[in-house]
Amino acid sequence: MGIVHPEYIRLVGLQGTLTIIGAALAYFVVTPLAAKSVAYGSCVALLGTLLLAWRLRQGESRKNFGAVWYLRQAYRTAIERFVWVTFMLAVGFGLLKLAPLWVLAGFVAGQAAWLAVPVLMKFENTK
């Protein structure tokens, strides 16, 4: 078993925090449906992050494979994540009848955490 990278732990924590804060704000400011939609969109982004972390651990556990294998895994992971996000957003829009604007807002907020974590880690490293 490999050790999970601290940046992924921080990213998942930040995405979880954004999910809770975004859903609470949407619940009190807009409507309960908007809160569910924001939470759903954020969870789609969060599960995409967990998929990437899982694939990273899989790749680290396989030593002595060539560059072709790693490149193939990178493409496979990108395609899986794209299909996962597309499918889950379609489920949210179609089956669950969530508010599309708020689902996308939650998803974008969850993805924005990817921009914040490197900045936060750089600030911590300069201390």
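- Looking at every heavy atom in both residues, Ala113 comes nearest to Leu14 through CB-CD2, 3.8 Å.
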All N/O donor-acceptor pairs, side-chain side in residues 17-25, below 3.5 Å, sequence neighbours left out:
{"unit_1": "Thr17", "atom_1": "OG1", "unit_2": "Gly13", "atom_2": "O", "d": "2.8"}
{"unit_1": "Thr19", "atom_1": "OG1", "unit_2": "Gln15", "atom_2": "O", "d": "2.8"}

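- In this structure the side chain of Val38 never reaches within 4.5 angstrom of the side chain of Tyr27, judged on heavy atoms.
- Residue pairs meeting the salt bridge (charged side-chain N to carboxylate O under 4.0 Å, His left out) criterion with at least one member in residues 25-43: none, sequence neighbours excluded.
- Of all heavy-atom pairs between Pro100 and Phe93, the closest is CA-CE2, 3.4 Å.
- Taking both residues in full, the closest heavy atoms of Gly48 and Trp84 are given as N-NE1, 4.0 Å, listed atom of the first, atom of the second, then distance.
- Residue Val103 is tested with Leu96, Val44, Val108, Leu89 for a side-chain contact (heavy atoms from CB on, under 4.5 Å); the sole match is Leu89.
- The cluster map of Ile, Leu, Val, Met, Phe, Trp and Tyr, joined by side-chain heavy atoms under 4.5 Å apart, puts Val91 and Leu104 in the same cluster.
- When hydrophobic clusters are built by joining Ile, Leu, Val, Met, Phe, Trp and Tyr residues whose side-chain heavy atoms come closer than 4.5 Å, directly or via intermediates, Leu95 is grouped together with Leu33.
- Scanning both residues, Trp114 and Arg81, for their nearest heavy atoms gives NE1-NH2, 3.8 Å.
- Val85 and Phe82 are members of different hydrophobic clusters when ILVMFWY side chains are connected at heavy-atom separations under 4.5 Å.
- In terms of heavy-atom proximity, Ala99 sits nearest to Ser37 at N-OG, 2.9 Å.
- Summarising the geometry, atom CG belonging to Leu56 is positioned 11.0 Å from atom CG belonging to Leu51; distances are rounded to the nearest 0.5 Å.
- Although no hydrogens or angles enter the test, the distance criterion places a donor-acceptor pair under 3.5 Å between the side chain of Tyr40 and the main chain of Met88.
- Put simply, CH2 on Trp69 and CZ on Arg76 are 9.0 Å apart, with the number rounded to the nearest 0.5 Å.
- Looking at Ser42, its side chain never comes within 3.5 Å of a backbone N or O of Phe107 through a donor-acceptor pair.
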